[in-house]
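I have placed the structure first, in the form of structure tokens, so that the comments after it can refer back to it.
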Amino acid sequence: MDAPHVEIRRITPDDWRLLREMRLASLQDAPDAFGQRYENAASEPESEWRSAARASSSGERRAWFICGASGAEKANGLVQARRRPPDDCLVFSMWVAPSGRRSGVGRALIAAVADWARGWGGTRIVLWVFGANEGAFHFYERIGFHVLLDGPDAESGRSFGAFAMELPL
């Protein structure tokens, strides 16, 4: 899963503003691609963003990864990963800004998630893609994900009009 060189890093507690800016940008750019609405995210208090950044900056429970420099104008992608014991890694909120698409940013973000998951013994990545988001669906297929046709992940995705996909690690 090698990608062209792009800078991917795990957020720090001080990145809460950047996390907020990028998350809001993703919700404005692709309002139908996520399970959250811009208005809801924009109304979250600063304390929630600070807490999310702090909780996702270390450990094996959850992580946010950002592509690019520390300023929002230079950062062009982000992804959230969560551990589902014992060994599944769930991906949420993957977004690449228009300026970073087709440049290896998405592939590099997934590679960072995979490395993080392997670090705690993860054996697969699971994510959900809304059926209308064909671009994302085909991207994930190109990098090795395949659709889960049955099981609890497939069922939970179907109830929201989404496909569950997995990538063995």
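Start at 1 with the first residue, then count along the sequence.
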Test log, rule side chain to side chain contact (heavy atoms under 4.5 Å, CB included), inputs R82 and R62: CA-CA 4 Å; R82 294 183 192 167; R62 71 182 84 177; 4.0 Å; yes
Going through the distances and angles, do L169 and I125 end up as a side chain to side chain contact (heavy atoms under 4.5 Å, CB included)? CA-CA 7 Å; L169 296 177; I125 296 174; 3.9 Å; yes
May I have the step-by-step check of side chain to side chain contact (heavy atoms under 4.5 Å, CB included) for R50 and S47, ending in yes or no? CA-CA 5 Å; R50 285 181 179 274; S47 61; 5.6 Å; no
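Neither W120 nor V126 shares a network with the other; the hydrophobic side chains, linked directly or stepwise wherever heavy atoms of I, L, V, M, F, W or Y lie under 4.5 Å apart, form separate groups for each. The hydrophobic clustering, which links ILVMFWY residues whose side-chain heavy atoms are closer than 4.5 Å, places L148 and I143 apart. Using a 4.5 Å cut-off between side-chain heavy atoms of Ile, Leu, Val, Met, Phe, Trp and Tyr, with links allowed through other members, W128 and L149 fall into different hydrophobic clusters. Placement of F130 and V147 in two distinct hydrophobic clusters is found when ILVMFWY residues are connected by side-chain heavy-atom separations under 4.5 Å, directly or transitively. Under the 4.5 Å side-chain heavy-atom criterion for Ile, Leu, Val, Met, Phe, Trp and Tyr, F92 and F65 are members of distinct hydrophobic clusters.
Within 6.0 Å of the CZ atom in R158, the count of heavy atoms belonging to other residues, nucleotides or ligands exceeds 12. Under a cut-off of 6.0 angstrom, the local environment of CG in D150 is sparse, with at most 12 non-hydrogen atoms contributed by other residues, nucleotides or ligands. Summarising the local packing, CZ of R102 is surrounded by 12 or fewer heavy atoms from other residues, nucleotides or ligands at distances under 6.0 Å.
The backbone N or O of R23 lies less than 3.5 Å from a partner atom in the side chain of S26, making a donor-acceptor pair.
Rounded to the nearest 0.5 Å, atoms CG (L127) and CG (L167) are 8.5 Å apart. Expressed to the nearest 0.5 Å, how far CD of E39 lies from CG of L24 amounts to 10.0 Å. Atoms CZ and CG, from R118 and D87 in turn, are 13.5 Å apart once rounded to the nearest 0.5 Å. The CD atom of Q36 sits 6.5 Å away from atom CD of E44, with the distance rounded to the nearest 0.5 Å. Note: E46 CD to R20 CZ = 9.0 Å, rounded to the nearest 0.5 Å. Atom CE of M22 sits about 6.5 Å away from atom CG of N76, to the nearest 0.5 Å.
Counting only residues at least two apart or on different chains, no ring pair (Phe, Tyr, Trp, His ring centres under 6.0 Å) pair has a member in residues 23-48.
Of all heavy-atom pairs spanning A53 and I11, the tightest one is CA-CD1, 3.5 Å. Between R10 and W116, the closest heavy-atom pair is NH1-NE1, 3.4 Å. Nearest heavy-atom pair, R84 versus R124, reported as atom, atom and distance to 0.1 Å: NH2-NH2, 3.3 Å. Of all heavy-atom pairs between L109 and W95, the closest is CD1-O, 4.2 Å. The two residues W49 and W16 have their closest heavy-atom pair at O-CB, 3.5 Å. Here the closest heavy-atom approach between residue A41 and residue L27 is recorded as CB-CD1, 3.5 Å.
A 4.5 Å side-chain heavy-atom check between W64 and L78 finds at least one atom pair inside the cut-off.
Under the 3.5 Å distance criterion, with hydrogens and angles disregarded, a donor-acceptor pair is assigned to the side chains of D15 and T12. No hydrogens or angles considered: a donor-acceptor pair under 3.5 Å links the side chains of H146 and E166.
With sequence neighbours excluded, the residues satisfying ring-ring contact (aromatic ring centres under 6.0 Å, His included) with F137 are F163.
Partner of F139 under the side-chain contact (heavy atoms from CB on, under 4.5 Å) criterion, out of R101, E134, M94: M94 alone.
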